[in-house]
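Computation of the quantities below employed the complete heavy-atom set of this structure, encompassing side-chain atoms and omitting hydrogens, waters and symmetry-equivalent molecules. Order of listing sets the numbers, starting from 1, for every ligand and every atom in it.
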Amino acid sequence: MYFKESQGFPKDFLWGSASAAYQVEGGWNADGKGLSNWDKFVRIPGKTFKATTGDKAVDHYHRYKEDVRLMAEMGLKTYRFSIAWSRIYPNGNGEINEAGLKFYDDLINELLKYGIEPMVTVYHWDMPQALEDEYHGWESRQIVDDYVNYATTLFKRYGDRVKYWITMNEQNIFTSFGWLKGMHPPGKENDMKTFYQVNHHANMAHAGAVLALKELYPEAKVGASFAYSPCYAYDRKPENAMAKADYDDLQNYWWMDIYAYGRYPRSAWAYLESHGVTPDVLPGDMETLKKAAALVDFMGVNYYQTCVAEYNDINGVGMSNTMNTTGKKGTAQIQGIPGLYKNPANDYLPTTDWDWTIDPMGLRMCCRDITSRYDLPIVISENGLGAFDKVEGGKIHDPYRIAYLKAHIEELKKACDDGCRVLAYCTWSYTDLLSWLNGYQKRYGFVYVDREEDENSGTLNRIPKDSYYWYKKVIETNGEEL
Ligand code: BGP
């Protein structure tokens, strides 16, 4: 749509930035914390870039006050962070660790002291290893109760101060990388049946948490964060348009329809049935999912890139378990589902050094699609550029990051003009942090952290980058000065 004059961002728009516990905290065994699946996984040779771990990460666990002070100086309105389940319940269930609860109390209070709205992710991929050992984590229905119990502990402890809650981060990514590609814990490959079962358990866990929260705090705002990659048909050939429809049903609506409607898309379900991979659904599950969906307040969107769908012959490419984790451009591979679609490169779009497409308009399309299909408010819970940064004379000049964010915010503004109800925009990330599979050299932050791959490198000192000062202006002018 075309508007003569932009209405701009809403007055109370939440300009934010994000992180996740495992990627920033460090303190991997501090103050009674239990072992998480990631603490274990990163120790398997060959799993992460140069064997990097989050043992120390960027030491946010000990430096959170300095980090929050920098946020306050920037004028940040909201900070999205996740809670490490294994700090709260070192064994996943049972005994509670007061020191862990206290750490997040302190962090939340520190944020509120400066008027920064905490936005809490309950689960950002680090599950207590004890649950993996006890019953294979997400593969067992038992996790639903343990997750809801953990989430409820958080709601009870922090619900008086935390208004925005995100139940799950990128369920589509942690399950596909964990059970189809073998690149996240538990490192399984091509296990379609378990993949869908695990997802059903995660859906039930999400739903249970939504219901528990609304029971305790009806005014709270809750949703899940979905990694949404909108998709273009390769060209006007009908079979490529069908490939896009298949991609959307299996890769996007499969999750978003659950969060928003509490149902699985019919055509995706039919495909699963014909392949014998439908999950076991217990009596009452679909009713619970529907009840929770009716209470969800927003769709959380992590937006990085778009993709292309082209028809994929039955003998065509499958899932790949290699990706560009080195930052050497051009090393990513085409993947797909034989008989349905494959995802070739889009030569209309530039890419990052890690071969992710850069497509600001895709962000506006995400918002439009969610608005048309679900009519829900939207929280952009992640968006950002992973890049190599250089320190020059004590400063970090990152015009490429500013250009990336500026272009995306411009498109987001258009989405608001289009009528989409966007509540928040969180960049990924606030400080530099550990990129799960790509080490510390793939930097996303407004605040540079002096460390490299080697655990003993660097002072961990913080230096605001040029983008930090730029975003400060964006916030001050509510997105008018970009
Ligand atoms: C999302 C995750 C984040 C973050 C980001 C960047 O998928 O929610 O935790 O890591 O992507 O990805 P990467 O670190 O792989 O570059």
Applying a heavy-atom distance cut-off of 4.0 Å, which protein residues contact ligand 1?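 The 4.0 Å shell around ligand 1 contains Q23, H124, W125, N169, E170, N302, Y304, W356, E382, W428, S435, W436, N438, K442, Y444.
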
D454-S457 side chain donor-acceptor pair, cut-off 3.5 Å: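 Side-chain D/A pair, D454 to S457: absent.
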
Pairs meeting criterion side chain to side chain donor-acceptor pair (under 3.5 Å) with involvement of residues 340-351, two or more places apart: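 For residues 340-351: Q251-Y341.
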
Identify, with sequence neighbours excluded, every residue that meets side chain to side chain donor-acceptor pair (under 3.5 Å) alongside R63.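 Counting only residues at least two positions away or on another chain, R63 forms a side chain to side chain donor-acceptor pair (under 3.5 Å) with D59.
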
Among D67, D450, T431, find the residue that satisfies the side chain to side chain donor-acceptor pair (under 3.5 Å) test when tested with R462.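 With R462 as partner, side chain to side chain donor-acceptor pair (under 3.5 Å) holds for just one option, D67.
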
Within 6.0 angstrom of M365 CE, more than 12 heavy atoms from elsewhere: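 Result for CE/M365: enclosed.
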
Applying salt bridge (charged side-chain N to carboxylate O under 4.0 Å, His left out), name anything that partners D355, two or more places apart in sequence or on another chain.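 With sequence neighbours excluded, D355 shows a salt bridge (charged side-chain N to carboxylate O under 4.0 Å, His left out) to no residue whatsoever.
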
